[in-house]
Amino acid sequence: EDQVTQSPEALRLQEGESSSLNCSYTVSGLRGLFWYRQDPGKGPEFLFTLYSAGEEKEKERLKATLTKKESFLHITAPKPEDSATYLCAVQVGSGSARQLTFGSGTQLTVLP
Amino acid sequence: NAGVTQTPKFQVLKTGQSMTLQCAQDMNHNSMYWYRQDPGMGLRLIYYSASEGTTDKGEVPNGYNVSRLNKREFSLRLESAAPSQTSVYFCASSEKGAQHFGDGTRLSIL
């Protein structure tokens with residue numbers, strides 16, 4: 001059974017205090033790993049897709065990396081507006097519809 | 001630039017009532033999905049539609065039905081609502097890349 005585990009469940013940082021969020025996965029043949037950001041009362045917003053171990057993607061203060069067993073979302077010098085829940089998901093199935101299995105998320109709070 | 005639009009945004013039902021959640025996308029995507037999100041459990045796939053005219057069960061389909069009305073619209077129906085179906089429901093669509101989500105329907109079953 002495909003499993004996705006995110007840690008920590010919650011993280012509080014001071015503005016400017018860099019840290020990393022973890023997403024570990026157990027799947028039979030990874031086809032893609034996705035990172036999303038979710039603000040309260042909103043739907044998930046797509047951030048990154050990673051397809052193979054060693055791949056990295058960056059966007060502003062965020063950098064996502066991928067190994068064979070886990071992915072990290074590194075947040076450099078965060079600002080209060082980076083506060084959100086960050087979700088990771090793995091793609092299962094190879095058909096035309098890409099089924100995703102989601103982790104339960106990391107709730108990030110950045111204090112000014 | 002609407003993306004994925006879900007209606008209604010909020011709904012309260014009594015046990016046993018029925019209702020349909022609506023979803024429409026304007027990105028010309030072939031695939032559409034319905035998820036539910038519960039505290040501590042992440043998003044779970046209810047049903048999906050790989051293309052117009054096809055639907056398949058996801059992880060938690062019991063108590064739900066879906067209709068892919070056309071390429072743009074994918075509806076989710078609760079025939080006889082139960083308190084266990086209290087949740088936030090998200091619709092998403094995709095082509096070859098990532099899934100794009102609407103802002104959800106918050107549903108309470110009393």
Side-chain angles (χ1 to χ4, degrees), chain A residues 1-10 21-27 30-51 55 57 59 62 64 66 71 84-107, chain B residues 1-7 9-10 21 23 25 27 29-61 66 68 71 74 87-106:
Chain A
E1 181 180 330
D2 300 313
Q3 286 194 322
V4 180
T5 303
Q6 291 188 246
S7 61
E9 291 184 7
L21 313 182
N22 178 262
C23 172
S24 62
Y25 59 89
T26 305
V27 298
L30 179 70
R31 298 198 176 273
L33 187 139
F34 299 79
W35 280 99
Y36 287 84
R37 169 190 172 128
Q38 186 174 23
D39 293 300
K42 298 291 187 181
E45 175 188 349
F46 171 69
L47 293 173
F48 303 110
T49 308
L50 302 167
Y51 290 105
E55 188 174 0
K57 294 273 181 74
K59 180 180 180 181
L62 301 177
L66 182 65
S71 177
T85 296
Y86 291 86
L87 305 172
C88 77
V90 295
Q91 182 193 343
V92 298
S94 57
S96 55
R98 300 187 169 200
Q99 298 177 60
L100 297 180
T101 298
F102 280 84
S104 54
T106 293
Q107 185 174 5
Chain B
N1 194 12
V4 178
T5 302
Q6 294 184 236
T7 56
K9 295 187 185 303
F10 302 93
L21 281 62
C23 174
Q25 52 93 8
M27 295 173 283
H29 288 167
N30 276 307
S31 301
M32 297 185 73
Y33 312 80
W34 276 105
Y35 292 88
R36 61 179 288 173
Q37 187 175 39
D38 301 293
M41 299 193 72
L43 285 151
R44 291 182 292 168
L45 183 65
I46 304 171
Y47 270 93
Y48 66 99
S49 171
S51 60
E52 186 178 354
T54 69
T55 60
D56 285 288
K57 295 178 180 179
E59 180 185 354
V60 288
V66 291
R68 184 73 183 267
K71 190 172 185 179
F74 188 37
S87 188
V88 182
Y89 291 86
F90 289 99
C91 176
S93 70
S94 70
E95 191 57 34
K96 295 182 179 180
Q99 293 181 19
H100 298 270
F101 288 80
D103 282 338
T105 294
R106 283 142 189 85

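For clarity, every value in this text was computed on a predicted model and none was experimentally measured. Chain A is the first sequence line, chain B the second, and so forth, proteins listed ahead of strands; every chain is numbered from 1.
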(request) Pick one of side chain, backbone, both or neither for B:Leu45, based on which atoms fall under 4.5 Å of a heavy atom in chain A. (result) side chain
(message) Is B:Gln37 close to chain A through its backbone or its side chain, or both, or neither, when contacts mean heavy atoms under 4.5 Å?
(response) side chain
(request) Heavy-atom distances under 4.5 Å only: say whether B:Arg106 touches chain A with side chain, backbone, both or neither. (result) side chain
(request) For A:Gly43 and B:Phe90, work out which heavy atoms get closest and say how close. (result) CA-CE2, 3.4 Å
(request) Might you confirm whether atom CD of A:Gln107 has over 12 heavy atoms from other residues, nucleotides or ligands at distances under 6.0 Å? (result) no
(request) Quick one: list whatever passes side-chain contact (heavy atoms from CB on, under 4.5 Å) with B:Glu52, sequence neighbours left out. (result) B:Asn70, B:Lys71
(message) Which residues pass the side-chain contact (heavy atoms from CB on, under 4.5 Å) test with B:Ala98, not counting sequence neighbours?
(response) A:Phe34, A:Tyr36, A:Phe46, A:Thr49
(message) With a sphere of 6.0 Å drawn around NZ of A:Lys57, does it hold more than 12 non-hydrogen atoms of other residues, nucleotides or ligands?
(response) yes
(request) Taking the side chain as every heavy atom from C-beta outward, state whether B:Tyr33 and A:Leu100 have any atom pair closer than 4.5 Å. (result) no
(request) Would you name the heavy atoms of A:Ser104 and B:Gly40 that are closest together and state the gap between them? (result) CB-O, 3.8 Å
